[in-house]
Amino acid sequence: MGRPRYSCRAGSRNLSAIALQQYSSSPVTFMIPITSNFQKAIPTRWLTFFLIGILAVGCRYSPAAENVFPGSTWQAKSGRELKLDEGRVEAVAAAFGGRGCIIKNGYVVKTWGDQSLRKDWASSAKPVLSTLLMFALHEGKIKSFDQPVADFGWELLPKDRTMTLRHLASMTSGYARPEKPGAAWAYNDYAIQLYQKTLFDKIFQGDPDAVFHDPHRFGALKLEDGFVFRKTNRRVSASVRDFARVAWFWLNRGNWNGGQLLPRQYFDDNMRPQVPPNLPLSSDATTNDYLQIGTYGGESNHFSIAGPGVYGFNWWFNGKGGKSPNVRNWPDAPADTVMSLGRGGNCSVLMPSLNLVVVAADADWGELDPGNPDAMMNRRLKLIAEAGTPSPADRSQMPRGQRISIAGFRDGAHHWRTIRDATRFIQPLPEQATYAPEQVEEIVGNILLFQRANGGWPKDYDYLAVLTPDQVAAVRATHDRTDTSFDNHNTHSQVDYLARAYTGYGNEAWRAACLGGFDFMLAAQLANGGFPQRYPNPKSYSAHITFNDGVMIGILNVLKDAADGAPQWQWLDTDRRDRARQAIGRAVECILNCQIKTPTGRTGWCQQHDEKTFEAASARTFELASCCPQDTTEIVRFLMRLDSPDERVVKAMDDAVAWLRKTQLSGIRVERVPAKTETFERHTADFDTVVVADPNAPPLWARHYEIGTDRPIFASRDGIKRYTFAEIDRERRTGTLWYGNWPLPLIQSEYPRWREKQREPKQTQPK
């Protein structure tokens, strides 16, 4: 059955929205469909809180796709049939390893590993308990989610007598901890043991396998391999393809193949954080298991890195919490991302806005590190989101009200909100709100507000921020400045967004702003084909040919889309399309000239190259002239987009990929460890970063390699070259991403597949 659309517009009438109306005839509205019965059932004050809660979490948009559901087996479609970039889909499997599957619109797009193998899902299976709680309410076995646990015969301590089932489902029960129910959050496996025993022994009063597989419950999902519950603590073993059915059931909010097994309202109310963001963590105390209930598998307070603002009904949500109050849990994942997390790399992720589910076991998900854009888990989720998004060539004109990707703005937003810089003309306020991705008009309003008279944009501001009147006035007062920059994915991201917004909405003022930015990019190109970090009047290293932070390749990808007539650029005039092609030709020559040459052959590229000599060049004191895998990877990916690359280009890519393979590091991994909070000039850290030996760790690359020796190199702000990570100071250890797996999908799948296609005979049109 078709999925409904939802839309949301910010109710606040700040000057940012008012300024928008100077450019647009479209009103800024607040639209949430509410039935008359719903209005009668809820007092006005509670309706207000309900609406505020929706805005706090972020509105969800679900594509109007025709979902399918598995029968005895999942149906399969290729990524190409679902208009996905198959290279990105393959990259997900290559990055995760283990066993897994990708579900898009109800079809299996990709599987890897043994799909039928049943193993313990650890804590990732905890949402199954909360789903059974929903069935218990639906079947009348409990009065509400807020029914006291004491009603089921447990002899609780006086402090625990207000404990409810909802407390157990959200890790706020206080059981075995010193706090009263609802007073603190602790990741508590003694409370989970109490939860499962209450469900199976007191509420359902049945064998867990039979309770779960009942044909009116999970049995209706027609599992291929079935779930097995351990007799002692009722931990769950399942296959990835069956766990994907549970995730797909949640993404469809209780609907299965047209039948509503559970009321949608249960999911609307609970598929969001249940723990207040300001709730304190449980204090240090010895576990007091006075019921002698035992444990589900861990301690009573053993994984409390996060929770407030991001946890509820045993799921993890992409909210903002006590650990990360200003940035979402996973900054580069869709706002509506939902995850189950389990030890040993057993996790699932739901992205309702993309109609996407990914389940992987024994996989490399990385660790939960709330709000950190460089965290492995965030990067994994970004990779999944990119894989689940239609490829540029298959994007059709956007229906009015559909979201546009905001990925290009996240780097600047992160800098504005988390890295101190007293020179900025506006500073973020505590808990400053952001627009949801669906609020295209409001986001465009900010983009137009920040655009300079020369057509470019200043870097490191949050273009999704809901600005105050004073902030709007401050931005408007800087309109004529020439502080425009391409750094941190800036300017080309605004141009791309405006192109997509104009294509979908047809507002001519947006088109004019887009063309102003487009012409600004073309004007910034150096005579040698490169692009500087800043324009106009760049100084020092900002005048270098810059690949770092998405500068040159980001610009070139937008120009390539325009030259190719991608859907968002079909309205572009022929003259600009031709100028974009010419700019790309000059840029490719520049890229070839910049490739680093050593006595043993060509390698990769530096983050920046001298604008006169093309030699690798230093930038900030800790960014030494070096060969850089991250930038080399992005350059090769762009060159793969060229229609008919000549032998020089192909040779350059072959050499670069060979160098990436050669410099792969094995047997180490990078960890964040708790440390005393220390405030530096630009950031504050309550952790340190260390490199540890691990023979089973996946491949890594250093950010910088010494030219000629291929040894990893590091530097603090003193600019002194060092050969071990531990030698640089803590300020840089916590302020720069020194290791990553950037080239892995490229060398494992993307480039070999591209190279194979180059060997295939060229098809000619019939004469």
Side-chain angles (χ1 to χ4, degrees), residues 57-58 88 91-92 94-97 100 102 124 273 303 305-307 309-311 315-342 345 347-354 356-358 360 363-389 405-419 434 437 462 464 488-489 493 549-550 630 633-634 669-672 683 685-687 689 698 700-701 703 734-745:
V57 175
R88 288 176 171 175
V92 172
F96 278 80
I102 301 173
S124 207
F303 186 61
I305 189 172
V310 300
Y311 194 83
W315 292 98
W316 298 85
F317 297 88
N318 202 10
K320 300 176 182 178
K323 187 71 175 178
S324 177
N326 299 317
V327 184
R328 291 192 182 277
N329 206 4
W330 305 292
D332 292 318
D336 59 2
T337 297
V338 184
M339 283 196 73
S340 68
L341 303 179
C347 301
S348 68
V349 60
L350 292 63
M351 295 182 176
S353 56
L354 298 179
L356 183 74
V357 160
V358 176
D364 184 16
W365 288 86
E367 297 294 328
L368 178 66
D369 191 357
N372 178 14
D374 296 329
M376 176 71 76
M377 183 170 288
N378 176 66
R379 300 203 306 274
R380 289 286 189 256
L381 295 178
K382 179 182 179 182
L383 181 65
I384 289 172
E386 290 172 345
T389 302
S405 173
I406 57 172
F409 302 140
R410 288 172 180 149
D411 202 2
H414 169 70
H415 281 75
W416 187 59
R417 290 178 179 269
T418 63
I419 300 178
T434 58
D462 186 356
L464 274 69
N488 295 333
H489 305 275
S493 295
D549 290 326
Q630 184 175 18
T633 297
E634 294 307 313
R669 57 183 167 84
V670 181
E671 281 190 358
R672 281 193 173 193
H683 73 282
D686 60 357
F687 65 93
T689 309
L700 278 179
W701 282 260
R703 180 169 182 160
T734 59
T736 295
L737 182 64
W738 292 99
Y739 292 92
N741 65 345
W742 313 285
L744 191 60

*asked:* For Trp365 and Leu341: C-alpha separation, side-chain torsions, deciding distance, then whether side chain to side chain contact (heavy atoms under 4.5 Å, CB included) applies.
replied: CA-CA 9 Å; Trp365 288 86; Leu341 303 179; over 6 Å; no
*asked:* Looking at every non-hydrogen atom in both residues, tell me the closest pair between Ala306 and Pro370 and how far apart they are.
replied: CB-CG, 3.5 Å
*asked:* Any non-hydrogen side-chain atom of Met339 less than 4.5 Å from a side-chain atom of Cys347?
replied: yes
_Can you give me the closest heavy-atom contact between Pro437 and Ile406, atom names plus distance?_
CG-CD1, 4.0 Å
*Would you check if Phe96 and Pro698 make a side-chain contact, meaning some heavy-atom pair closer than 4.5 Å?*
no
Per-pair distances, 0.1 Å, donor-acceptor, side chain in residues 736-744, under 3.5 Å, sequence neighbours excluded:
residue, atom, partner, partner atom, Å
Thr736, OG1, Arg732, NH1, 2.5
Trp738, NE1, Arg732, O, 3.0

*Spatial distance of atom CG (Asn372) from atom CZ (Arg379) [nearest 0.5 Å]*: 8.5 Å
*Does the pair Asp369/Arg672 count as a salt bridge with the N-to-O cut at 4.0 Å?*
yes
*Would Asp364 and Arg380 pass as an ion pair if we require N to O under 4.0 Å?*
yes
_side chain to side chain contact (heavy atoms under 4.5 Å, CB included) assessment of Asp336 paired with Asn318_ = CA-CA 6 Å; Asp336 59 2; Asn318 202 10; over 6 Å; no
*asked:* With a 4.5 Å cut-off on side-chain heavy atoms, are Lys320 and Pro325 touching?
replied: no
_Thr434 and Arg417: CA distance, side-chain angles, deciding distance, side chain to side chain contact (heavy atoms under 4.5 Å, CB included) verdict_ = CA-CA 11 Å; Thr434 58; Arg417 290 178 179 269; 3.0 Å; yes
*CH2 on Trp316 to OG on Ser340, rounded to 0.5 Å*: 11.5 Å
*Give me the one residue out of Val338, Leu350, Val349 that meets side-chain contact (heavy atoms from CB on, under 4.5 Å) with Val357.*
Leu350
*Could you grab the distance from atom CZ of Arg88 to atom CD1 of Ile102, nearest 0.5 Å is fine?*
13.0 Å
*Would you say the side chain of Leu356 lies within less than 4.5 Å of the side chain of Ile384, judging by non-hydrogen atoms?*
yes
*asked:* Quick one about Thr689 and Thr734 (side-chain donor to acceptor, distance below 3.5 Å, no hydrogens or angles considered), yes or no?
replied: no
*Where do Pro273 and Val310 come nearest, in terms of heavy atoms and distance?*
CB-N, 4.1 Å
*Please tell me if the side chains of Met377 and Trp330 come closer than 4.5 Å, counting only heavy atoms from C-beta onward.*
yes
*asked:* If I compare all heavy atoms of Pro334 with all of Ser353, which pair ends up nearest, and what's the gap?
replied: CB-OG, 3.7 Å
*Distance from Asn378 atom CG to Glu367 atom CD, nearest 0.5 Å?*
14.0 Å
*Please report the closest heavy-atom contact between Ala91 and Pro745, naming both atoms and the distance.*
CB-CB, 3.4 Å
*What pair of heavy atoms forms the shortest contact from Phe317 to Asn329, and how long is it?*
O-ND2, 3.2 Å
*Can any side-chain N or O of Thr337 pair as donor or acceptor with the backbone N or O of Ala333 at less than 3.5 Å?*
no
*Just wondering, do Trp416 and Asp411 contact through their side chains at under 4.5 Å, heavy atoms?*
no
_Is it the case that the side chain of Asp549 and the backbone of His489 share a donor-acceptor pair, with hydrogens and angles ignored and the cut-off at 3.5 Å?_
no
*Any side-chain heavy atom of Val670 within less than 4.5 Å of one from Leu700?*
yes
_Side-chain ion pair, Arg410 and Asp462, N-O less than 4.0 Å_ = no
